[in-house]
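Reviewing the structure listed below.
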Amino acid sequence: MDTASKLIKSWMNNAGLIATVDPMQNVIGSWPSENASSPSIHLGSHYDTVINAGKYDGPLGLLLCISAVEILRLEGYEPKHFINILGFCDEEGIRFSSTFLGSSYLCGTFDLNFLDNRDSEGNTMRELLESRGMDTSQFNKAKPLISKDDLFLEPHIEQGPVLENLDLPLGVVTGIAAQSRIHVSITGKSGHAGTTPLELRKDALTTAAEMILAVETLFDANSNARATVGQINNYPNAINAIPGKVEFTIDLRHPVTAGLNQLKEELLEKLNLIIQKRDLPCEIDFLQSVDSITCDRGIQKAMNKALAKHQKSVTSFTSGAGHDTLKIAQTCRSGMLFIRCRDGLSHHPDEYTSPEDIRVALNAWVDVIRELDQNFPES
Ligand code: GLV
Ligand code: MN
Ligand code: MN
């Protein structure tokens with residue numbers, strides 16, 4: 001992380017920004033401007049990735065922000081508002097299973113309970129941050145950088161097929177789906193694979209398998225929803241031993257919070273029936289839930305106007321993927337631009353966005369920033 005934050009800081013400095021790294025490892029680049037005033041316009045995206053992923057999810061958006069500001073500075077543009085570029089340290093929430101760490105920190109809404117979350121090696125987030133000299137007792141105490149009158153704007157690859165199907169490089173995001181992360185732990189009894197008859201087994205893995213299929217059935221019955229079991233640990237994980245314990249995660253999404261809540265209820269009902277039938281102790285923990293958001297209409301309007309100059313038509317749609325914008329929109333008015341990616345593929349090493357689309361995105365992004373700085377939308 002140190003290597004990445006140092007590199008991003010150097011890119012920001014090269015673009016003429018004053019760059020710093022905060023205690024969470026967010027990288028912040030401020031446009032030095034004598035005539036600018038509040039409220040601020042914040043631009044950015046995250047620079048962490050999921051394991052074995054592509055290089056566009058997050059970093060492309062951050063680079064577009066740095067490059068757009070560099071272009072505006074070279075043009076001699078004088079912003080009316082303070083402009084900051086934010087490189088968020090942890091959006092994916094892989095190591096500690098809890099997401100939006102960097103963006104919530106910058107909004108002063110970081111959930112302090114996350115400090116007790118453990119990584120796969122048993123370290124808490126608090127221990128790791130403090131071992132790097134950070135004073136976690138000060139979290140959420142200082143005035144946050146992002147405040148309610150500001151604007152936040154994020155460019156990001158689409159991570160889905162809509163733009164490719166419409167043959168358009170860019171799209172405007174109308175809102176972001178609600179999401180929940182759930183952890184399930186099933187305790188069975190380990191034993192010998194060659195001797196233990198079926199009636200004496202307490203197999204945690206076959207119980208988990210039934211639950212995972214129930215998650216898929218739920219998803220199948222709700223076309224708006226998404227439900228994924230992406231992580232599983234099986235103990236002792238030996239070819240000749242009955243699985244004595246299994247832990248797995250469930251990632252649930254729905255375009256609106258009420259739909260997500262309904263989905264959670266249905267899921268719990270299904271899982272509880274399986275627990276009763278199998279009669280194995282099971283713990284179900286809700287790790288994190290974030291409500292759906294609507295992107296600010298004034299920002300959407302400005303983006304529509306800017307995009308119309310760069311492509312044959314303008315389209316808008318909701319994001320199923322989570323973004324820092326989902327968290328930041330709880331603090332200030334926010335908006336997102338989507339950039340086409342090949343086959344709608346993301347969280348995969350073959351993730352790809354063409355240089356031509358990146359060029360269109362950069363030109364449009366410069367226009368979006370200029371438009372919103374000149375005509376800051378009424379709240
Ligand atoms: C982030 O990419 C997410 O949607 O989980
Ligand atoms: Mn991602
Ligand atoms: Mn992302």
Side-chain angles (χ1 to χ4, degrees), residues 50-53 92-99 113-114 116-125 177-254 257-290 320 322 347-348:
V50 297
I51 296 154
N52 197 30
E92 302 286 2
I94 303 298
R95 184 165 182 178
F96 294 101
S97 303
S98 44
T99 180
N113 293 316
F114 291 164
D116 297 317
N117 287 9
R118 288 182 191 277
D119 68 8
S120 59
E121 284 162 18
N123 307 300
T124 64
M125 193 190 300
Q179 57 172 256
S180 264
R181 291 179 166 203
I182 301 163
H183 183 265
V184 181
S185 173
I186 306 164
T187 308
K189 190 157 195 270
S190 188
H192 199 289
T195 58
T196 319
L198 193 57
E199 65 275 15
L200 291 187
R201 289 184 183 224
K202 296 236 172 247
D203 187 329
L205 188 56
T206 49
T207 306
E210 206 174 331
M211 290 182 171
I212 294 167
L213 287 175
V215 171
E216 191 185 49
T217 312
L218 184 72
F219 172 20
D220 196 27
N222 292 272
S223 59
N224 283 331
R226 300 287 180 266
T228 308
V229 173
Q231 196 182 29
I232 183 162
N233 294 316
N234 175 47
Y235 306 94
N237 211 26
I239 191 167
N240 56 356
I242 298 162
K245 181 173 174 168
V246 169
E247 294 173 321
F248 66 93
T249 56
I250 306 171
D251 176 309
L252 277 188
R253 320 261 177 143
H254 193 283
T257 307
L260 185 77
N261 291 340
Q262 168 78 24
L263 207 62
K264 281 196 250 181
E265 269 177 38
E266 287 174 31
L267 178 70
L268 278 180
E269 218 170 281
K270 280 179 185 291
L271 298 187
N272 281 328
L273 283 176
I274 297 168
I275 294 167
Q276 274 167 24
K277 187 178 76 177
R278 293 270 183 169
D279 194 23
L280 295 190
C282 177
E283 278 176 35
I284 301 174
D285 293 315
F286 284 84
L287 300 175
Q288 189 176 15
S289 285
V290 187
H347 288 185
H348 188 283

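Position 1 is the first residue of the sequence, and the numbers go up from there.
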Task: Interatomic distance, Lys264 atom NZ to Ile182 atom CD1 [nearest 0.5 angstrom] - done: 7.0 Å

Task: Close side-chain approach of Leu271 and Ile250, heavy atoms under 4.5 Å - done: yes

TODO: To the nearest 0.5 angstrom, please state how far the CD atom of Glu266 sits from the CG atom of Leu252.
DONE: 10.5 Å

Open item on the list: Tell me if a side-chain donor or acceptor on Thr124 pairs with a main-chain N or O of Asn117 at a distance below 3.5 Å.
Closed with: no

- [ ] Give a yes or no answer on whether the side chain of Asp203 reaches the backbone of Leu205 with a donor-acceptor pair at less than 3.5 Å.
- [x] yes

Open item on the list: Could you go through Phe219 and Leu263, starting from their C-alpha distance and side-chain angles, then the distance that decides it, and tell me whether this counts as side chain to side chain contact (heavy atoms under 4.5 Å, CB included)?
Closed with: CA-CA 9 Å; Phe219 172 20; Leu263 207 62; over 6 Å; no

TODO: Can you see which heavy atom on Ile242 is nearest to which on Lys202, and at what distance?
DONE: CG2-O, 4.3 Å

Open item on the list: If I compare all heavy atoms of Ser180 with all of Leu260, which pair ends up nearest, and what's the gap?
Closed with: OG-CD2, 3.7 Å

TODO: Using a 4.5 Å cut-off on heavy atoms from C-beta on, say whether the side chain of His254 contacts that of Asn222.
DONE: no

Open item on the list: What's the separation between atom CD1 in Ile51 and atom CD1 in Ile94, rounded to the nearest 0.5 Å?
Closed with: 5.5 Å

Task: Whether Arg181 side chain and Gly93 backbone form a donor-acceptor pair below 3.5 Å - done: yes

Task: Side chains of Val246 and Thr207 in contact at under 4.5 Å (non-hydrogen atoms) - done: no

Open item on the list: Would you compute the distance between atom CG of Leu267 and atom CD1 of Ile284 and round it to the nearest 0.5 angstrom?
Closed with: 7.0 Å

Task: Distance-only donor-acceptor check, side chains Lys189 and Thr196, under 3.5 Å - done: no

I'd like a table of donor-acceptor pairs (distance under 3.5 Å, sequence neighbours excluded) in which one partner is a side-chain atom from residues 228-235, with atom names and distances.
unit_1	atom_1	unit_2	atom_2	d
Asn234	ND2	Asn237	OD1	3.0
Tyr235	OH	Glu247	OE1	3.2

Task: Nearest non-hydrogen partners of Pro236 and Ala241, listed with the distance - done: CG-CB, 3.8 Å

Task: Distance, nearest 0.5 Å, that separates CG of Asp251 from CD of Gln288 - done: 10.5 Å

Open item on the list: Are the side chains of Gln179 and Thr99 in contact, using a 4.5 Å heavy-atom criterion?
Closed with: yes

Task: Close side-chain approach of Lys277 and Glu210, heavy atoms under 4.5 Å - done: yes

Open item on the list: What verdict does the side chain to side chain contact (heavy atoms under 4.5 Å, CB included) test give for Leu268 and Phe286, after you've listed the backbone C-alpha separation in whole Å, the side-chain angles of each residue and the deciding distance to 0.1 Å?
Closed with: CA-CA 11 Å; Leu268 278 180; Phe286 284 84; 4.2 Å; yes

Task: Side-chain (Asn123) to main-chain (Asp119) donor-acceptor, under 3.5 angstrom - done: no

- [ ] Can you see which heavy atom on Gly194 is nearest to which on His192, and at what distance?
- [x] N-ND1, 2.8 Å

Open item on the list: Could you report the tightest heavy-atom contact between Met125 and Ser98, atom names first, then the distance?
Closed with: CE-OG, 4.0 Å

- [ ] For Leu280 and Ile275, work out which heavy atoms get closest and say how close.
- [x] O-CG2, 3.6 Å

- [ ] Could you tell me the separation between the CD atom of Glu269 and the CG atom of Leu273, rounded to the nearest 0.5 Å?
- [x] 6.5 Å

